[in-house]
Amino acid sequence: MTGPLVPFREIVLKVHSRCDLACDHCYIYEHADQSWRTRPKAISDEAISWTALRLAEHAKNHALPSVSVILHGGEPLLAGPARLRRVCEELTRALDGIADLDLRIHTNGLQLSPRYLDLFCEYDLKVGISLDGDRAANDRHRRFADGRTSHPLVLRAVDLLREERYRHLYLGLLCTVDVANDPVAVYDALAELEPPRVDFLLPHATWDQPPARPDGSPTAYADWLLTIFDRWDAAGRPVPVRLFESVFSTLAGGPSLTESLGLAPTDLVVVETDGALEQVDSLKSAYEGAAATGFDVMRHAFDEVAAHPGVRARQLGLASVSDTCRACPVVRSCGGGLYTHRYRTRNEFDNTSVYCTDLEALIRGVERRIAPELVPLAVTEPGALLADDQDVTRMLSGTLTDALAGRAGEPWADAWDLLVDLDESGDVLDEVWGHPYTRPWLERTVAAARDERPEAVALALELPARLAAAQVRHGHGPDVPVPYEGGVLRLPALGELTLPDDRGVVTVRAVDGGFTAALPGRAATRVHLADPRATAGWRPVRTVGGRDGAPLLRLDDLDPYRDCHGAPVRGRLDEVEFAAWDRLLVDAWALLRATAPRQAAEAAACLTTLTPLESPHPERPDAYEPDAHGHGYGALGIALPSSPAELAEELLRGLRRSKLHALLQVCDPYAQDGQWLHPVPWRDAAVPVSQLLAETFVRVGLAPFDPVGARSARAALDTLERAPELTVSGLRLVDEMRKELAAAGEGRVRG
């Protein structure tokens, strides 16, 4: 097995190997592995000392910022306060100055009392309590050996933890699922105790010893948990439930939050009362010795355990699951289930989980219930995407002041104060954030400031020009002192004015129909935007279209940040070239409106700027790469085609690429890109999901012009729908593309 070792960040320390309950579902005493019978009841001083030493050594070697130690059993409180104090003292002393120590204890609560909790307060040792619900549910399994109920004593322990002086130690409740219990009664009983968290645990089972299914349902456990989900959701989710939150996280593209789900590598090791180092405890349900490693803390470092084949098998993520799981659309959320639950004698752990049908039903059930809250509106509403894209630019601007660290001095402070005033006074700043080339300016400026490059200040002081231009476009606003260099005042989206001095500060004032630019000691220059030829030295950003149904778009051949389209840009166009762009755009838009009216309407709502390129984009499979779209939503870089049809297709192609890039800024349609490779109808080689999604997204957009491409796009959508990498947002995006294809097909039929 290859790959780096995964360090242990969580240690389960068995401080006592016996219990004062006789729970008939306990994996320690009632399942296959009976090694507890040969172990000392309480952990020895030697084992405590060596555990602390090995843990400190491990944390230091791997530069771990923190480690978690869970005191466990049996029943850990049976070790007594003195032994528990020694454990806490030794661990705290050993890790001092090396790593933060997160101490926890999992207990049945029967022995819990103020003398324990006062000790736990000294070491900030958090307490988790096992409780299976109301009295009927808890008494089904969690009884004393003579059959007496434990429920009142557990409630007493929880009430003690809920007292103000101990509340900060209350970690939560652990509940083992039993489908014979009433799920609503179980949830209500747990929620009434106001736990900081609830963990619902599937009972340990294997294919050799499958879980009980009283009604024979293959989804009995999922149905039970989803009933609780609905109750919990209807109540406003008053308490965190780790199982549900883990599914939320993975459906949105995040990590799993529990060992029992997800593909994250295991980072847990168990220290038994005799110092033996073992794998995760649940393996004791599989067979005798399943958790054993042959190592102990007295003779072996934790790294030796991390290299053990059994441990490594649970650190391989996707490679550790069966072929069936690997091809399953929900594997990223379920992770093949708990490793123990995959065991079968004939082929050991190379199986799906014995809870496979339950896990899929649970994940799909949660997905159906929460999809609306996880999918950004931008996925379904282009108008929302435009606003969200502006917010991305706005948030990026907020990092600039910190990055500059005061190096830009008073001119920057004055510009920032003006920005804040404009933000509070109206929507002028929408003109700034909505300009598609504001983002590349910000990205370059922030990068230069963070690297402390000399040009950072000059780049930052372009902000006043952007504020002035926004006010001019808006038609009003206060005077803005704008620094300039090279004898040119550049106002984004408006144009550039040649000035008599090489550098200086010019005051820009928005006036009716244009602006004035005043240098100290000189008469102000008036620029009439509607009559650009009236002012000597003024070169405007010209517009094309605006007639016969075509939108009015800027043809920007001046902005210094327009070189972000992945291909060389053209310089200033002459009048003949400009007229050719104008004519082709109007004709191309007429074709768009006739052939793809839905896409034409969406384009008209978001597109503001065309930037002429020297040559067409090279054919590249990485069109989804952010480096090819370093601008805001609303600009396209296009080389002038030879016909309206070519321009119409280029507009659609560019818009789709730009739209997908904007979506990737505000949502995560996939996770773990590259873990799987997928077949592509139009390629010989399989590709990662990011490439398949990007190319399919473009082909769907071009479907009105390309019926053959539409058919291959439909096949690609079938593949994407089964892709484990897709999040809820990704699946909704696939659904939206299906609707687009259907609409394109209907349009062709009507045509």
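Using a 4.5 Å cut-off on side-chain heavy atoms (C-beta onward), Trp682 and Thr696 make contact. Looking only at side-chain heavy atoms (C-beta outward), Ser322 and Asn351 stay at 4.5 Å or farther from each other. Residues Val354 and Pro211 are in side-chain contact: their nearest non-hydrogen atoms beyond the backbone lie under 4.5 Å apart. Side-chain atoms of Ile70 and Glu10, non-hydrogen and from C-beta on, do get closer than 4.5 Å to each other. Inter-residue side-chain proximity for Leu251 and Leu374 is flagged as met; some heavy-atom pair is nearer than 4.5 Å. Counting heavy atoms from C-beta on, the side chains of His16 and Thr273 never come closer than 4.5 Å. The side-chain heavy atoms of Thr345 and Trp207, taken from C-beta on, include no pair separated by under 4.5 Å. Counting heavy atoms from C-beta outward, Leu64 and Phe8 have side chains that stay 4.5 Å or more apart.
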Working for side-chain contact (heavy atoms from CB on, under 4.5 Å), residues Leu225 and Val177: CA-CA 8 Å; Leu225 287 165; Val177 174; 4.1 Å; yes
Stepwise salt bridge (charged side-chain N to carboxylate O under 4.0 Å, His left out) check, Arg231 with Asp188: CA-CA 9 Å; Arg231 182 76 165 187; Asp188 287 349; 2.7 Å; yes
Salt bridge (charged side-chain N to carboxylate O under 4.0 Å, His left out) assessment of Glu736 paired with Arg732: CA-CA 6 Å; Glu736 291 297 311; Arg732 183 57 187 271; 3.1 Å; yes
side-chain hydrogen bond (donor to acceptor under 3.5 Å, both in side chains) between Arg142 and Asn108, worked out: CA-CA 9 Å; Arg142 305 186 62 80; Asn108 61 31; 6.0 Å; no
Verdict with supporting geometry, Leu110 and Glu75, side-chain contact (heavy atoms from CB on, under 4.5 Å): CA-CA 9 Å; Leu110 302 186; Glu75 169 48 50; over 6 Å; no
Stepwise salt bridge (charged side-chain N to carboxylate O under 4.0 Å, His left out) test for Glu695 and Arg683: CA-CA 11 Å; Glu695 294 183 5; Arg683 290 187 179 277; 2.9 Å; yes
Pair Cys175-Leu190, side-chain contact (heavy atoms from CB on, under 4.5 Å): steps then yes or no: CA-CA 9 Å; Cys175 172; Leu190 298 176; 3.8 Å; yes
Asp230 vs Arg369, salt bridge (charged side-chain N to carboxylate O under 4.0 Å, His left out): CA-CA, chis, key distance, verdict: CA-CA 9 Å; Asp230 291 336; Arg369 289 162 168 80; 2.6 Å; yes
Worked verdict on Ile105 versus Leu77 for side-chain contact (heavy atoms from CB on, under 4.5 Å): CA-CA 9 Å; Ile105 190 168; Leu77 293 183; 3.8 Å; yes
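The CG atom of Leu664 lies 4.5 Å from the OH atom of Tyr670; values are rounded to the nearest 0.5 Å. The structure places CG of Leu174 at 5.0 Å from OG of Ser130, a figure rounded to the nearest 0.5 Å. Taking CD1 from Ile11 and CZ from Arg104, the interatomic distance works out to 13.0 Å, rounded to the nearest 0.5 Å. Rounding to the nearest 0.5 angstrom, the gap separating the OG1 atom in Thr219 from the CG atom in Leu362 is 10.5 Å. A distance of 6.5 Å separates CD1 of Ile363 from OG1 of Thr250, quoted to the nearest 0.5 Å. Note: Glu725 CD to Leu720 CG = 9.0 Å, rounded to the nearest 0.5 Å.
Ring-centre distance between Tyr221 and Trp224: not below the 6.0 Å cut-off.
Here the closest non-hydrogen pair linking Gly133 and Ala189 is C-CB, 3.7 Å. Between Ala713 and Arg699, the shortest heavy-atom distance links the atoms CB-CB, 4.1 Å. Taking both residues in full, the closest heavy atoms of Asp215 and Ser217 are given as OD1-N, 3.0 Å, listed atom of the first, atom of the second, then distance. When all heavy atoms are compared, the tightest approach of Ala671 to Thr727 is N-CG2, 4.4 Å. A pairwise comparison of heavy atoms in Pro7 and His62 identifies CB-CG, 3.6 Å as the closest pair. Taking every heavy atom of both residues into account, Ala157 and Gly109 meet most closely at CB-O, 3.2 Å.
Side-chain atoms of Lys14 come within 3.5 Å of backbone atoms of Gly73 as a donor-acceptor pair (strictly under, hydrogens ignored). Judged by distance alone, with hydrogens and angles left aside, the side-chain atoms of Arg9 form no donor-acceptor pair with the main-chain N or O of Ala59 at under 3.5 Å. At distances below 3.5 Å, at least one donor-acceptor pair connects side-chain atoms of Glu304 with backbone N or O atoms of Ala301. With Thr227 contributing its side chain and Asp223 its backbone, the two residues share a donor-acceptor pair below 3.5 Å.
Considering only residues two or more places apart in sequence or on other chains, Ala136 meets the side chain to side chain contact (heavy atoms under 4.5 Å, CB included) condition with Asp134.
Aromatic ring orientation, His341 versus His204: tilted (interplanar angle from 30° to 60°). In this pair, Tyr339 and Phe349 present their aromatic rings parallel. The plane angle is below 30°, not in the 30 to 60° band.
Residues in residues 355-365 take part in these salt bridge (charged side-chain N to carboxylate O under 4.0 Å, His left out) pairs, two or more places apart or across chains: Arg213-Asp358, Arg364-Glu367.
In summary, Lys739 and Asp735 engage in a salt bridge, as defined by a charged side-chain N under 4.0 Å from a carboxylate O. Contact check on Arg237 versus Asp233 returns a salt bridge, with a Lys/Arg side-chain nitrogen under 4.0 Å from an Asp/Glu carboxylate oxygen. Salt bridge annotation for Glu721-Arg738: present, with a cationic side-chain nitrogen under 4.0 angstrom from a carboxylate oxygen.
Judged by distance alone, the side chains of Gln279 and Thr293 never bring a donor and an acceptor atom under 3.5 Å apart. Side chain to side chain, Ser690 and Asp673 meet the donor-acceptor criterion of an N or O pair below 3.5 Å. Side chain to side chain, His151 and Asp139 fail the donor-acceptor criterion of an N or O pair below 3.5 Å. There is no side-chain donor-acceptor pair under 3.5 Å between His141 and Asp132.
Partner of Leu112 under the side chain to side chain contact (heavy atoms under 4.5 Å, CB included) criterion, out of Val154, Leu153, Val158, Leu161: Leu161 alone. Of the candidates Val297, Val271, Leu277, Arg54 forms a side chain to side chain contact (heavy atoms under 4.5 Å, CB included) with just one, namely Val297.
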